[in-house]
Structures are given as structure tokens and as C-alpha cells.
Amino acid sequence: MRRIDARSLRGLAHPLRMRILEALELDGPATSTTLSARLGESTGTISWHLRLLAEHGYIEEEPDRGTKRERWWRVPAGQTVLNPAEFRDDPETSGALKVYLQQLVEQYYARVQNYVDENWSGEWQHAAELSDWRDLRLTPDELVALNNELKQVIDRYTATKSSDENAKQVIVQLQSFPRETP
């Protein structure tokens, strides 16, 4: 597990770099040319951002693919963890944290919107879930416990990758946060 520090947070907190990282996480290794076509940006711009992501350890070159002119990039094995509380009170990183979190929310929204816009079969529409629960009242410790239990369930399913031909990549988005009542 890799923890994001202040320097690497500033290196990641850019909308295009976050889109590049998301594309590599969701779709696997790619070249700057592939990412350029997918993201609608110039190859030079994508290459520059790929090098920055690599400099901060978010991605790495895939050594067994490509040539000197065609470099393949991938996300290294292991999980990257960010604890926003570590950066909120630091004036040098709070701006980067805000950019990062705003872009993350936009990516989460875009994923759900893409699902809604696509024409999924009734079987998949029945299996999917778009819901929220508003009647919880929890302490911070209880919210941490709830999140940890939910992560354990997701980890169990992640470990048992289905080989069924009907299996699809599934995204589970969890947003749990307090709300001030008026």
C-alpha cells in the first residue's frame, strides 16, 4: 500500500492526469497515442502528463511491451491511499486536495451518467443499484467501522474474479459523509 504524500498529491491534482490515471486503472496498459485518442488530447500533452504521473509513482512503463518510440504505461500493483484529513489544514496542499477531490467527484458522476446513458439489458439494469440511505446517525468512529465493513465485502468479491462469460467489469462507488442539518 502506498500513501499519498504532499508532493505526490500536487503531482496528481490535475484533471487530465486524473483522467489518464483512471483510464489506465479501468482499461489497462496503454500508449500515449491510445490515450490521446480516448481522451481527445494531443499525444504530446498526454506524453508530458504520463511522465509526471510516472515521476510521482502513480504509473510505470510496462517493460515487456513497446519500443523506444512507443512506450506502454500501466498502474503498478498495490493500492494507493489518500487520507484527506492529512492535508486539509496545510495551506500548501489544501488547494491541490480541493482540485483532486473535485475531479474525483466529477469522475464518479461521469461513471454513473455513462451507465444511465447506455442501453443495458434488463438483467443488468435489475442487478445494478443506484440508491442512498439518509436515516443513518453515526459518530465518526461508527462511520469508519461502516466503511471498513463495506470494504471487506468488496475485497471478498474482488478476490473471487468470476470467469463466467456473462461477467462484466463492475464499479462500486461508495460515498459516505456527514451532513449538517439546517
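Just so it is clear, the model here is predicted, and its values are computed rather than measured.
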**OP:** Return yes if some donor-acceptor pair links the side-chain N/O of Thr158 with the main-chain N/O of Ile154 below 3.5 Å, else return no.
**Re:** yes

Original post:
Just wondering, more than 12 heavy atoms not from Glu92 lying within 6.0 Å of its CD?
Top reply: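 For Glu92, atom CD is not crowded (no more than 12 foreign heavy atoms under 6.0 Å).
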
Subject >> Tyr115 atom OH: more than 12 heavy-atom contacts under 6.0 Å >> reply: yes

Got [X] and [Y] here, is their nearest side-chain heavy-atom distance under 4.5 Å?
X: Trp73; Y: Glu62; result: no
X: Glu41; Y: Arg19; result: yes
X: Trp120; Y: Lys168; result: yes
X: His49; Y: Leu35; result: no
X: Leu53; Y: Leu24; result: no

Original post:
Have Ser121 and Glu123 got a donor and an acceptor in their side chains that come within less than 3.5 Å?
Top reply: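 Side-chain D/A pair, Ser121 to Glu123: absent.
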
Which donor-acceptor pairs under 3.5 Å do the side chains of residues 101-108 make with protein atoms, sequence neighbours left out?
{"unit_1": "Gln107", "atom_1": "NE2", "unit_2": "Met18", "atom_2": "O", "d": "3.0"}

Original post:
Transitively linked via ILVMFWY side-chain contacts under 4.5 Å: Leu130 with Val172?
Top reply: yes

Original post:
About how many Å separate CD of Gln173 and CD of Glu129, when rounded to the nearest 0.5 Å?
Top reply: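 Rounded to the nearest 0.5 Å, the CD-CD separation comes out at 13.5 Å.
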
Subject >> From CA spacing to verdict: side-chain contact (heavy atoms from CB on, under 4.5 Å), Phe87, Leu82 >> reply: CA-CA 9 Å; Phe87 303 103; Leu82 169 80; 3.4 Å; yes

Subject >> Closest non-hydrogen atom pair between Leu12 and Arg17, with its separation >> reply: O-CB, 4.0 Å

Subject >> Residues clustered with Leu26, ILVMFWY side-chain links under 4.5 angstrom >> reply: Ile171

